[in-house]
Amino acid sequence: MALIPGSFYGGRQSNILDPFSLDIWDPFQDFPFTGGALSVPRSEFASDTAAVANTRIDWKETPQAHVFKADLPGLKNEEVKVEVEEGRILQISGERNKEKEEKNDRWHRVERSSGRFLRRFRLPENAKVDQVKAAMENGVLTVTVPKEEVKTPD
């Protein structure tokens with residue numbers, strides 16, 4: 001495995017094997033966003049991006065259903081939305097709120113992401129989109145989309 005020298009990325013280390021690594025070089029760092037839709041403060045923009053990148057979802061197919069599992073620690077049921085849009089697009093979204101900052105607090109490290117997240121998946125033709133079920137247990141969201149029964153010729 002080849003390592004890229006730290007000086008190439010401004011002294012930061014990156015995980016080149018993880019495309020969602022938050023430690024990778026950002027070419028837009030310190031870029032002044034002015035006017036229009038991108039006129040949000042840099043830290044707010046970065047936290048929204050981090051929340052999206054950190055929402056990990058597994059999708060497996062069983063003989064009976066498509067099963068999606070998302071790690072959403074600390075979120076309540078009412079903070080997560082599961083929808084089917086445009087016929088076959090499964091959309092999982094929500095928001096992680098920032099912890100309140102007290103005036104006398106002194107932060108040493110902030111790694112937990114906050115902000116909105118949104119993930120979309122195009123469901124296959126055999127999905128019964130009118131029978132989607134979702135359940136949250138111990139910070140893990142499980143979405144089950146039953147499949148049409150495969151009819152075998154007699």
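Heads up: numbering here begins at 1 and tracks the sequence.
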Q: Quick check: does any side chain N or O of Arg88 sit under 3.5 Å from a backbone N or O of Pro124, one acting as donor and the other as acceptor?
A: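 Side chain of Arg88 to backbone of Pro124, a donor-acceptor pair under 3.5 Å: yes, one is there.
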Q: Kindly compute the distance separating OG1 (Thr142) from CG (Asp58), expressed to the nearest 0.5 Å.
A: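 CG of Asp58 is found 10.0 Å from OG1 of Thr142.
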Q: Starting at CG of Leu72, measure out to CZ of Arg56 and round the result to the nearest 0.5 Å.
A: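 That separation rounds to 12.5 Å.
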Q: Heavy-atom count around Glu85 CD within 6.0 Å, excluding the residue itself: above 12?
A: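 Enclosed: over 12 neighbouring heavy atoms sit under 6.0 Å from CD of Glu85.
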Q: I'd like to know whether Arg120 forms a side chain to side chain contact (heavy atoms under 4.5 Å, CB included) with Arg122, so could you lay out the CA-CA distance, the side-chain angles of the two residues, the decisive distance to 0.1 Å, and finally the verdict.
A: CA-CA 7 Å; Arg120 289 180 168 175; Arg122 182 174 305 280; over 6 Å; no
Q: What are the two closest non-hydrogen atoms of Met136 and Lys76, and how far apart are they?
A: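 Here Met136 and Lys76 meet closest at CE-O, 4.1 Å.
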Q: For atom CD of Glu137, decide whether the heavy atoms of other residues, nucleotides or ligands shown that lie under 6.0 angstrom number more than 12.
A: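 Not buried by this count: 12 neighbours or fewer within 6.0 Å.
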Q: Any idea which heavy atoms bring His66 and Trp59 closest together, and the distance?
A: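 The pair with the smallest heavy-atom distance is ND1-NE1, 3.2 Å.
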Q: Do Val143 and Val129 belong to the same hydrophobic cluster, where Ile, Leu, Val, Met, Phe, Trp and Tyr are linked whenever their side-chain heavy atoms lie under 4.5 Å apart, directly or via other members?
A: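 Yes, it is one cluster - the side chains of Val143 and Val129 are joined through contacts under 4.5 Å.
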Q: Just wondering, are more than 12 heavy atoms of other shown residues or ligands nearer than 6.0 Å to NZ in Lys128?
A: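 For Lys128, atom NZ is crowded (more than 12 foreign heavy atoms under 6.0 Å).
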Q: With distance as the sole test, does Lys147 use its side chain to make a donor-acceptor pair with the main-chain N or O of Thr62 at under 3.5 Å?
A: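 At least one qualifying donor-acceptor pair exists.
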Q: What's the shortest heavy-atom distance between Ala65 and Pro146, and which atoms?
A: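 In this case the closest contact between Ala65 and Pro146 is CB-CA, 3.9 Å.
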Q: As an exercise, state the distance from CG of Leu75 to CG of Leu141, rounded to the nearest 0.5 Å.
A: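 One finds 9.5 Å between CG of Leu75 and CG of Leu141.
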Q: Under 3.5 Å, side chain of Arg96 to main-chain N/O of Phe117, donor-acceptor pair present?
A: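 No; judged by distance alone, with no hydrogens or angles, the pair does not exist.
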Q: In a check of side chain to side chain contact (heavy atoms under 4.5 Å, CB included) between Phe68 and each of Val132, Val82, Val145, which one passes?
A: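 Passing option: Val145.
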Q: Would you indicate whether the side-chain heavy atoms of Val84 and Ile89 approach each other to under 4.5 Å?
A: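 The answer is no; the side chains never approach within 4.5 Å.
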Q: Heavy-atom count around Glu148 CD within 6.0 Å, excluding the residue itself: above 12?
A: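 Count over threshold, so yes.
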